[in-house]
Protein chains: 2
Amino acid sequence: MVTMQDVAERAGVTKQTVSNVVTGRVAVRPATEARVRAAIAELGYVPNLVARSLATGSTRTVGLFVPTVSAPFYADVVEEVEDALEERGYHLLLCTTRLDGERARRHLAGLTSRSVDALLIAGDQGLTGHLPLLADVRFPVVLCAWEAPLPEGFPVVTVDYEHGGHLAGRHLRELGHERVAVLASPAHTVRVEGFRRAFREDGITVPDGAVHLAAAPTFRGGLDAALTALRTDPSVTALFATHDVLAAAAMEAARALDRSVPEDLSVVAHDDTPEGLLSRSALTGVVLPKREMSRQAVDLALQAITTPLRPTPGPRLLLPRLTPGTSTARPGPRHGER
Amino acid sequence: MVTMQDVAERAGVTKQTVSNVVTGRVAVRPATEARVRAAIAELGYVPNLVARSLATGSTRTVGLFVPTVSAPFYADVVEEVEDALEERGYHLLLCTTRLDGERARRHLAGLTSRSVDALLIAGDQGLTGHLPLLADVRFPVVLCAWEAPLPEGFPVVTVDYEHGGHLAGRHLRELGHERVAVLASPAHTVRVEGFRRAFREDGITVPDGAVHLAAAPTFRGGLDAALTALRTDPSVTALFATHDVLAAAAMEAARALDRSVPEDLSVVAHDDTPEGLLSRSALTGVVLPKREMSRQAVDLALQAITTPLRPTPGPRLLLPRLTPGTSTARPGPRHGER
DNA sequence: CTGAAAGCGCTTACAG
DNA sequence: CTGAAAGCGCTTACAG
């Protein structure tokens, strides 16, 4: 391996001068710089980043925990975070936790001490019990996309999920729906609360029995829950799905039960991926500011690397928006006939 | 920061002994080890991985390039690779290239010299022109999921895409389809060739005009191509989609044109994600051995770190399988009536 | 603007 | 089984 020392000898300078040329931190006389650059090119010198990291104390790498990359929402978050990091000259170390706290714990242990400059944790699922571990960690931690109760002591950039649920509920109320069902992941209690609040404000109760939890956050799990929901109460005129995968399942369930969307059934979703790669182009959905959230989280983390954030800033709540699609309409004539 | 030296002083030994305890490389007398472990616990010592990397020459991190994590196929590959790496005590540095060779080049430059022990490149899209750059790289590179012509000098673990296309074609032929169209990504020429070969073997030509390229590998791009395909030749009884996102688009197009699947139109896909998170639970598809491919690629890469693979092993071709679903059937009565 | 020195925190032979 | 020494390849003040 070619080292700085080799370059220095070739150029007839000391390695400190080579370092000055490479890092650009200190000005170097043009003639010297040219000699050094020529030597670098001739020898094919490439700086050893690990040695630099040891000397500077920075790896220029940030860790990201997400539950999975197979859910469109998190796939987008990963790419947004990667973009933001790349622009700032950082690498991305990815860990998927698969809703498994023990797995997250192992990953965290592997990241101990100085292998990343900071850690971003997107999504609270399966992690809340393991938060105390984060206190021992040597680098700043920023939480995002956090729906569980917000822990103290960590910077958080997240979405107002209650508001998101409320937007979905109000949309259905404005269309005139009264009897609705909810398809939810167990972790999405806050969105469900917001949704029910919208109905409550109009004097309508969405009963507990109308909330159907998907056993697993998969298409299959969602499909079963959706079929159950529509069979339990065939008179519902609309379905609220708390995330994108469940929404796809809801569409499929409607098809299976021969209810056309939106004529026979409205479907509104949370976490829609409107320009994504999936088949939900026309879904009415609450879209989350993924890009904004990712960038703010990255900025906060990089800032915390150089300047400890004392005191910890309060949580930043970004507002979701409702994007109208063609999956919702006024309740159809079938409403109440069954 | 607590160092090995601090622990050594506390335990009344030298730091080499602490190192021996931590790495377990050299046996240490039980009594000494107990003292060292106690000191580690008391001081909350955590080894500095960067320093270790500099001393050992290994970062225990492997880079992975994928075009995107938003396509189900690559999302699965990322998680499989991550699992294989984690089992072997390695971290995953992720770079998404977004079909952008320039972006890949930048990422590659950032990985120079010793920041990863090895690099896995999954998916050839947008990269073939940049392969020469890989020759300069300081760590082993393994290619996988490679459909473009195989470059010399790199270990490759990929799928027999021609065979995959042939499987899809033969399936449709066995059902009796004669007039078909293909929905393809520009990069998927090999699968298309295999598909056409299946028809050619039966004396049927799939004309060039029946192959519709999606402008972009997105749902929207696929939908446009699918609508064009079905409008250009309404008499086709089956559609072959060369990857999962296009298949989802084909289903949507069928729906939009009021052709029910499989009665009015069969759809067979390549790269299906049967147990994935998407709405294609019942699609007939050619499934790729993602898990097997990912593990073999990881094994090859880790092996190459310690023992240079000389000469470079020949490409490993894994065989895809056709999984029957409910999206294909014999051509319906509509066939030829238009 | 350039050079000599110390140091980042670990591991690795090598003696004892 | 334990200790003294050298080294991994860089950066960072600090003199000159």
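Below, read A as the first sequence line, B as the second, and so on, with proteins coming before strands; counting in each chain starts at 1.
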Watson-Crick or G-U pairs under 3.5 Å in DNA chain D, rendered as dot-bracket with [ ] for crossing pairs and | for another strand: |||.||||||||.|||
Can you tell me how far P of D/dC8 sits from CG of B/Asn48, to the nearest Å? 18 Å
Distance, rounded to the nearest Å, where A/Met4 contributes CE and D/dG9 contributes P: 12 Å
Integer-rounded Å distance: D/dG9 P and B/Leu54 CG: 7 Å
For residues B/Val69 and A/Glu79, report the shortest heavy-atom separation together with the two atoms involved. N-OE2, 2.8 Å
Without hydrogens or angle criteria, can the side chains of B/Thr96 and A/Glu82 be said to hold a donor-acceptor pair below 3.5 Å? yes
Near DNA chain D, which residues from residues 21-41 of chain B have a heavy atom under 4.0 Å away? B/Val26, B/Ala27, B/Val28, B/Arg29, B/Thr32
Which residues in residues 12-20 of chain A have at least one heavy atom lying under 4.0 Å from any atom of DNA chain D? A/Lys15, A/Gln16, A/Ser19
Extract from the structure each pairing of a protein N or O with an N or O of nucleotides 14-16 of chain C at less than 3.5 Å, listing the distance.
none

If you measure only the distance, is there a donor-acceptor pair under 3.5 Å linking the side chains of A/Thr3 and A/Gln5? no
Contact list for residues 32-41 of chain A, test salt bridge (Lys or Arg N to Asp or Glu O under 4.0 Å), sequence neighbours left out: A/Glu33-A/Arg37
So does B/Arg106 pair up with A/Glu86, basic N to acidic O under 4.0 Å? yes
If I take atom CG in residue A/Leu49 and atom P in nucleotide D/dC8, what distance separates them, rounded to the nearest angstrom? 18 Å
Can you measure B/Met1 atom CE to C/dC8 atom P for me and round it to whole angstrom units? 11 Å
Provide the full list of salt bridge (Lys or Arg N to Asp or Glu O under 4.0 Å) pairs with a residue in residues 40-61 of chain B, sequence neighbours left out, each pair given once. B/Arg10-B/Glu42
Inter-residue atom distance A/Thr68.OG1 - A/Tyr74.OH, 0.5 Å rounding: 9.5 Å
